Protein chains: 2
Amino acid sequence: MSRVAKPTDRRSASAMRDIIGRGPSLADTLALRLKEEIVSGHLLPGEKLATEQQISETYGVSRPTVREAIGRLKHDGLVVTRQGAGAFVADPGAVSVFRLDVADFSNKEEIRNIVELLMAVEATATEHAATRRSNKDLKKIQAHLNAMQAAVDRGEPGVEEDLAFHRAIVEAMGNPFFRDLSDFLDRRVRNFIRAARANTARMGGMTHSVQAEHQAIFDAIVRKDAAAARAAAETHLRNAAARLALYLER
Amino acid sequence: MSRVAKPTDRRSASAMRDIIGRGPSLADTLALRLKEEIVSGHLLPGEKLATEQQISETYGVSRPTVREAIGRLKHDGLVVTRQGAGAFVADPGAVSVFRLDVADFSNKEEIRNIVELLMAVEATATEHAATRRSNKDLKKIQAHLNAMQAAVDRGEPGVEEDLAFHRAIVEAMGNPFFRDLSDFLDRRVRNFIRAARANTARMGGMTHSVQAEHQAIFDAIVRKDAAAARAAAETHLRNAAARLALYLER
DNA sequence: AATTTCCTACTTGTCAGGCAACTTGGTTAT
DNA sequence: ATAACCAAGTTGCCTGACAAGTAGGAAATT
């Protein structure tokens, strides 16, 4: 009853722009709006959304645009639609999609939280990789370790080789969720570092200690010593986080 | 000269269905198709996608449908579009959205992997919660512990109270990423258990030992003993996983 | 001849209207 | 009372059109 669509006249295509503000696109922004309504608890699970027609009218956008917006929510598992019936807020327990949005790069708190998650994921992955790795896995890991060493010897930072080394380890764990999540977080953090490094002096000279830490991780994996592997990974990640903290504190 | 779209007659609306197979919706399925093209490396970062017009013709669907599909990819950060220029494959390093899809419920391997991730996240969260929790956090955790006890005394399984207890702990850690991820995984696993329980006998009688494990976690948090908190959480999670394994092995 | 300006075709963003498929609830017929 | 049926409402998808922005070549200027 409360949010019944009042028939906004259609004359201005920019009505939405006024209501909703400037954004990436009408559909995107509308999707955000509707998502708000749901996560804020304004719309309860199972409840029926307004019809596309009504939404179209209340926000002053066309139905295709509304469809695009609802399509996003459907894609994220927040709503389910039934042809002929309508669109309904999905049961939170049945949502099968998790979305991690790491948009705000300038937010240092967010970076810290991301790093924390990365540490947890990679430390555990390394721990399990130690006992599960096949000989083939081990060879791959070693190859990347050597490549990293070669890069260090050439005086290069070897960020790509570094990433590949860690990825090979996580891969050896055999859990795709860990692999994908770790990959994403890793890229994200490195991207931040690269951006931050642009306006600060290079710090360099750390690569040798980094490589020593890598060696310690590798040795533990060779021995299939899970506890040692975890410990070595934690040390490595803690040091990496400390290096990163230097960027954060300015 | 504009390449006039040949007036596709109505019946070929099912052309896509033939090309693309039966699915949730044309847009959804098309989105999957296009995603394939990208992640398979067929389309390289920075490369331009076919125009909406072209895609529309090759797949035999209308442009709005193509737009919906591309909109999904855009939403997931896989492509970026520039009005007037086209749609381009996004740089993987710049992707700021992570998507975790846990669709296949029947896949036991998947459940196992999910549980593994859940264990890593919750154990770490509990560890950090021990040192970071405020007194207010502690009160909340205790309240949920008591509620759980009350449920046990009433002879109920207390799944909701259980979930709330863990959520309060993760909340006390103060990292929203951990909170959201843990919440999602927890729901997912419990949902699986509920589904599995439907066709097996209730196992019950475990609730008392569960509560004892909860108490151990709580005590460690009270003492701000991070290591003990992690250990207690790991024990609890390991036991929970073992209980769950009973469902998996049939 | 080199450079700048401008124009035009192309592409994405959005809108309007329409038909088909499906759901739902009430009405009619049995 | 029950079953079959019908009509309104809703989503799924299509066609056609225009606005807004881009890019590359033609034309004008230096």
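Because only heavy atoms are used, hydrogens play no part in the values below, and waters and symmetry mates are left out as well, while side chains stay in. Order of the sequence lines sets the chain letters (A, B, ...), proteins ahead of strands, with each chain counted from 1. Because the structure is predicted, anything quoted here is derived from the model rather than measured.
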Protein-nucleotide distance ([X], atom [atom1]; [N], atom [atom2]), rounded to Å:
| X | N | atom1 | atom2 | value |
| --- | --- | --- | --- | --- |
| B:I70 | C:dT11 | CD1 | C1' | 11 Å |
| B:Q54 | C:dC10 | CD | P | 11 Å |
| B:L26 | C:dA21 | CG | P | 13 Å |
| A:I55 | C:dT14 | CD1 | C1' | 17 Å |
| B:L49 | C:dC10 | CG | C1' | 16 Å |
| B:Q83 | C:dC15 | CD | C1' | 14 Å |
| B:E52 | D:dG16 | CD | P | 17 Å |
| B:L30 | D:dG12 | CG | P | 16 Å |

Counting just side-chain N and O atoms, does [X] come under 4.0 Å of either OP1 or OP2 of [N]?
| X | N | value |
| --- | --- | --- |
| B:R67 | C:dG13 | yes |
| A:K74 | D:dG12 | yes |
| A:T65 | C:dC15 | yes |
| B:T81 | C:dT11 | no |
| A:R63 | C:dC15 | no |

Grab the N/O contacts between the protein and nucleotides 23-25 of chain D below 3.5 Å, and write none if there aren't any.
unit_1	atom_1	unit_2	atom_2	d
D:dA23	OP1	B:R82	NH2	2.3

Would you sort out whether B:M119 and B:V115 count as a side-chain contact (heavy atoms from CB on, under 4.5 Å), showing the intermediate values?
-> CA-CA 6 Å; B:M119 288 173 72; B:V115 170; 4.1 Å; yes

Partners of A:E110 by side-chain hydrogen bond (donor to acceptor under 3.5 Å, both in side chains), sequence neighbours excluded?
->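 Applying side-chain hydrogen bond (donor to acceptor under 3.5 Å, both in side chains) to A:E110 gives none.
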
Taking only residues two or more places apart in sequence or in another chain, which ones pass side-chain hydrogen bond (donor to acceptor under 3.5 Å, both in side chains) with B:D28?
->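 side-chain hydrogen bond (donor to acceptor under 3.5 Å, both in side chains) check on B:D28 returns B:S25, B:R72.
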
Lys/Arg N to Asp/Glu carboxylate O, [X] vs [Y], below 4.0 Å:
| X | Y | answer |
| --- | --- | --- |
| A:R167 | A:D186 | no |
| B:R99 | A:D180 | no |
| A:D76 | A:K35 | no |

Which residue lies toward the 5' end of DNA chain D, A:P64 or A:G86, if each is placed at its nearest nucleotide?
->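 Its nearest nucleotide lies further toward 5', so the answer is A:G86.
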
Measure the spacing between CD of A:E52 and OG1 of A:T65 and express it to the nearest 0.5 Å.
->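 It is 11.0 Å, given to the nearest 0.5 Å.
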
